[in-house]
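Once you've had a glance at the structure underneath, I'll fire off some questions.
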Amino acid sequence: MHSAAMDAFVAEVDARTDILQVVQSYVPMKRRGNRYWGCCPFHHEKTPSFSVVPDKGFFYCFGCHAGGNAFKFISLIENVTYFEAIKMQAEKLGIPMPERERTPEQQARDAQYANLRRVNTMARDFFHNCLTLTRYGEPGRQYLAGRGISEATIKEFSLGFAPASWDMLSKAFLKREVPAQVLVEAGLAAERRQGDGLYDRFRGRVIIPIADIRGRVVGFGGRVLDDSKPKYLNTPETILFNKRRLLFGLDRSHRAIQDAGYAIVVEGYMDAISVFEGGVHNVVATLGTAFTEDHAKLLLQYTPNICFCYDSDAAGQNATIRALGIIQHTGANVRVIVVPDGKDPDEFIRRHGADAFRQLARDAQDLVTYRLRYALAHIPADSPQGKSEIVRAMAPVLDGVQDASKRLEYEKQIAQALLLDEGIVRTELRRFARQEAPVSVGEERAPVRQAAPRPDNAVLAAGRVVIGAVCHTPERLAELSGELPPEALQDNVQREILQYLQGEYSAGRTPDMAQATATLSEAASDELTRALTEENAPGGEAQAYADSVRVLRRDWLTRQREAHSRAANAASQQGDAARAMQELSAVRTITQQLQSL
């Protein structure tokens with residue numbers, strides 16, 4: 001939606017956004033001169049090369065060359081689109097989106113979303129306060145303490161407790177004028193079968209708020225304190241809550257996943273909370289459902305490396321096999337963390353510590369090895385029928401291995417385990433693979449966004465000085481076009497920037513740098529940011545600009561002279577004397593221009 005109202009909305013969000021405040025909410029920064037420095041959040045480094053220039057409103061990393069304004073930073077670090085970043089910042093600042101014409105159905109839908117989000121937020125606070133501030137929460141506090149969950153983690157996840165009362169939440173919310181229909185739609189209450197009124201869905205349970213990737217509460221999970229059934233109770237499906245498309249903890253863990261380079265998937269949210277408590281933060285959990293294609297797509301936005309760490313019992317191993325079948329054809333690098341002695345990840349971390357668990361992750365088994373060991377443990381391999389069943393079980397797994405050398409190695413490994421000839425195993429694997437065609441996720445994996453470094457030299461450095469000077473002093477563009485038109489720049493990224501600026505000035509507009517970074521290609525946006533944040537060499541801006549124009553003009557003229565020289569040689573070889581003379585004349589003219597620089 002592009003309109004004057006939307007332009008004004010973006011301008012207001014931009015004007016009220018402090019880039020230093022945004023960046024410092026993710027990265028520790030220290031001031032040096034007129035800028036702040038820290039370690040780049042987009043690539044691993046020990047010496048800070050990531051800078052923020054608050055008065056110019058830009059960040060730039062001199063190590064990986066990522067750069068832009070505050071919205072670009074948010075879009076990179078949160079892995080969202082540029083406009084999503086603007087909307088996220090607007091929400092934090094309390095700036096409403098411009099209203100657009102909507103049908104009555106759309107208005108009703110928007111109101112339903114808003115009401116459910118509001119009541120979920122209220123419920124989160126209600127449960128959390130019951131746990132932490134009232135006598136009703138004592139059983140919940142004892143349960144969490146017994147599982148080693150600290151007060152800091154309780155606060156981090158806003159854990160709560162639902163008192164063992166039929167309608168404490170319902171009564172409290174009805175008094176606060178929350179409509180009964182909204183409580184039912186949110187899955188917090190249900191209508192009584194006999195008589196009027198509501199009863200609470202969650203009673204006598206530790207409550208875990210479940211958030212979407214943006215941290216908005218969309219539902220709840222409740223864990224009983226004894227052996228009652230069901231052990232876990234989730235919010236029913238709503239327009240906000242679809243457990244097949246949600247991963248618990250991803251709103252908190254996606255940064256840690258990117259930093260670690262891999263994600264750990266555990267079975268339940270209490271497992272994820274316990275692992276997080278142990279100091280391992282790159283962890284997510286499914287919500288009492290099997291791992292789905294949508295879960296795979298969510299994780300692949302942040303990393304191609306996914307480690308499953310389900311419980312070691314039969315149910316956990318079966319769930320692992322099902323999950324591996326879902327994800328093996330997505331392009332992900334799938335591994336399985338095997339916790340020894342039949343322990344779950346929570347128990348292992350509490351007994352051996354986070355470092356020992358991370359070592360398990362480093363030692364995780366690849367998909368084929370895990371599947372083979374599982375098959376050997378569950379299918380007798382001492383008969384021809386058993387060997388055939390194991391080969392059949394391995395066929396769809398091997399079919400997902402694209403690397404020919406790896407596939408041959410795995411086929412050899414299977415043959416050795418079954419005491420069979422490699423040729424026989426290879427033939428059988430391919431026969432079974434044809435019978436059991438794999439199911440693909442259907443969408444290509446979104447690449448993990450990473451900034452790529454660009455080479456640099458004196459000509460590129462001069463181009464950045466000129467671009468920065470033109471942005472600061474628009475009047476220079478008119479005089480520059482006579483000496484150095486955009487096509488004179490050898491680098492296509494810098495040429496894109498100069499052509500954009502020239503187009504804006506020609507249309508009578510003063511370029512808005514925030515708009516420029518959103519309009520230009522990613523490489524051009526990064527280069528423009530670098531041009532705006534780099535400090536000029538000693539001698540002042542005017543001298544640096546004049547020297548840089550001279551460098552670029554010399555480079556352009558040199559390339560032109562070389563082109564005319566080649567053309568003269570070609571014309572001479574073809575016997576075209578007149579053409580050769582014209583080209584040589586151009587060479588002499590350009591040589592004179594170079595000598596005058």
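This chain uses plain numbering: 1 for the first residue, then up along the sequence. These figures come from a predicted structure and were not determined experimentally.
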More than 12 heavy atoms from other groups under 6.0 Å of CZ on Arg135
no

Closer than 3.5 angstrom, by distance alone: can the side chain of Arg124 be matched with the main-chain N or O of Pro209 as a donor-acceptor pair?
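No: the side chain of Arg124 does not pair with the backbone of Pro209.
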
Could you check whether any side-chain heavy atom of Asn333 comes within less than 4.5 Å of a side-chain heavy atom of Ile306, counting everything from C-beta outward?
no

May I ask you to test the Ser274-Arg350 pair for a side-chain heavy-atom distance under 4.5 Å?
no

Check this for me: does any side-chain nitrogen of one of Glu138 and Arg141 sit under 4.0 Å from a carboxylate oxygen of the other?
yes

Ring centres under 6.0 Å, that's the criterion: do Phe157 and Tyr269 meet it?
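No, the ring centres sit 6.0 Å or more apart.
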
pair Leu360-Pro340: side-chain heavy atoms closer than 4.5 Å:
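Yes, at least one pair of side-chain atoms sits under 4.5 Å.
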
Heavy-atom closest contact (Val52 atom, Pro54 atom, distance):
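It is O-CD, 3.3 Å.
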
Ser170 backbone acceptor or donor facing Asp167 side chain under 3.5 Å:
no

For the residue pair Pro48 and Trp37, what are the closest heavy atoms and their distance?
O-CE3, 4.1 Å

Examine the side chains of Tyr143 and Arg223 and answer whether a donor and an acceptor come within less than 3.5 Å of each other.
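Yes, because at least one side-chain N or O of Tyr143 sits under 3.5 Å from a partner of the opposite role on Arg223.
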
For the backbone of Asp125 and the side chain of Asn129, can you confirm whether one donor and one acceptor N or O come within less than 3.5 Å of each other?
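Present.
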
Do Tyr302 and Asn282 have a side chain donor and acceptor closer than 3.5 Å?
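The criterion, which ignores hydrogens and geometry beyond distance, is not satisfied for Asn282 and Tyr302.
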
Might you point out which heavy atoms bring Phe42 and Cys64 nearest each other, and give the distance in Å?
CB-SG, 4.4 Å

Can you confirm whether Val178 sits close enough to Asn115 that some side-chain heavy atom of one is under 4.5 Å from a side-chain heavy atom of the other?
no

Would you say the side chain of Leu188 lies within less than 4.5 Å of the side chain of Phe127, judging by non-hydrogen atoms?
yes

Could you tell me whether a side-chain N or O of Ser51 sits under 3.5 Å from a main-chain N or O of Tyr36, the two making a donor and an acceptor?
no

Aromatic ring proximity, centroids under 6.0 angstrom, Tyr26 and Phe73
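Ring centroids of Phe73 and Tyr26 are less than 6.0 Å from each other.
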
Which pairs of donor and acceptor atoms, one on a side chain in residues 211-222, lie under 3.5 Å apart (sequence neighbours left out)?
| residue | atom | partner | partner atom | Å |
| --- | --- | --- | --- | --- |
| Asp212 | OD1 | Arg214 | N | 3.0 |
| Asp212 | OD1 | Gly215 | N | 3.2 |
| Asp212 | OD1 | Arg216 | N | 2.9 |
| Asp212 | OD2 | Arg216 | NE | 2.9 |
| Asp212 | OD2 | Arg216 | NH2 | 3.1 |
| Arg214 | NH1 | Glu84 | OE1 | 3.3 |
| Arg214 | NH2 | Glu91 | OE1 | 3.2 |
| Arg214 | NH2 | Glu91 | OE2 | 2.5 |

Side chain Asp200, main chain Phe202, donor-acceptor under 3.5 Å
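Answer holds: no.
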
For atom CD of Glu151, decide whether the heavy atoms of other residues, nucleotides or ligands shown that lie under 6.0 angstrom number more than 12.
no

Quick one: does Val283's side chain get under 4.5 Å of Asp271's, heavy atoms only?
no

For Asn120 versus Ala186, what's the shortest heavy-atom pair and its separation?
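It is OD1-CB, 4.1 Å.
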
Does a side-chain heavy-atom distance below 4.5 Å link Leu144 with Phe161?
no

With sequence neighbours excluded, tell me which residues meet side-chain hydrogen bond (donor to acceptor under 3.5 Å, both in side chains) with Ser158.
none

Check this for me: Gln21, atom CD, are more than 12 non-hydrogen atoms of other residues, nucleotides or ligands nearer than 6.0 Å?
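No, the 6.0 Å shell around CD holds no more than 12 heavy atoms from other groups.
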
Enter the distance from Ile154:CD1 to Glu277:CD here, rounded to the nearest 0.5 Å.
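Nearest 0.5 Å value for the CD1-CD distance: 8.5 Å.
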
Search all heavy atoms of Thr303 against all heavy atoms of Gly261 and return the closest pair with its distance.
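Scanning both residues, the minimum pair turns out to be OG1-O, 2.8 Å.
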
Whether His295 and Phe291 hold their rings parallel, tilted or perpendicular, with breakpoints at 30° and 60°:
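The rings of His295 and Phe291 sit tilted, inter-plane angle from 30° to 60°.
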
Any side-chain heavy atom of Val336 within less than 4.5 Å of one from Arg373?
no

Compare every heavy atom of Phe59 with every heavy atom of Asn69, then report the nearest pair and how far apart it is.
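Nearest pair, atom of Asn69 first, then Phe59: O-CE2, 3.3 Å.
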
More than 12 non-hydrogen atoms from neighbouring residues, nucleotides or ligands closer than 6.0 Å to CD on Glu191, yes or no?
no

Is the shortest distance from a Lys or Arg side-chain nitrogen in Asp294 or Arg245 to a carboxylate oxygen in the other one below 4.0 Å?
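Looking at Asp294 and Arg245, the cut-off is met.
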
Ser49: partners by side-chain hydrogen bond (donor to acceptor under 3.5 Å, both in side chains), with sequence neighbours left out
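Counting only residues at least two positions away or on another chain, Ser49 forms a side-chain hydrogen bond (donor to acceptor under 3.5 Å, both in side chains) with Glu45.
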
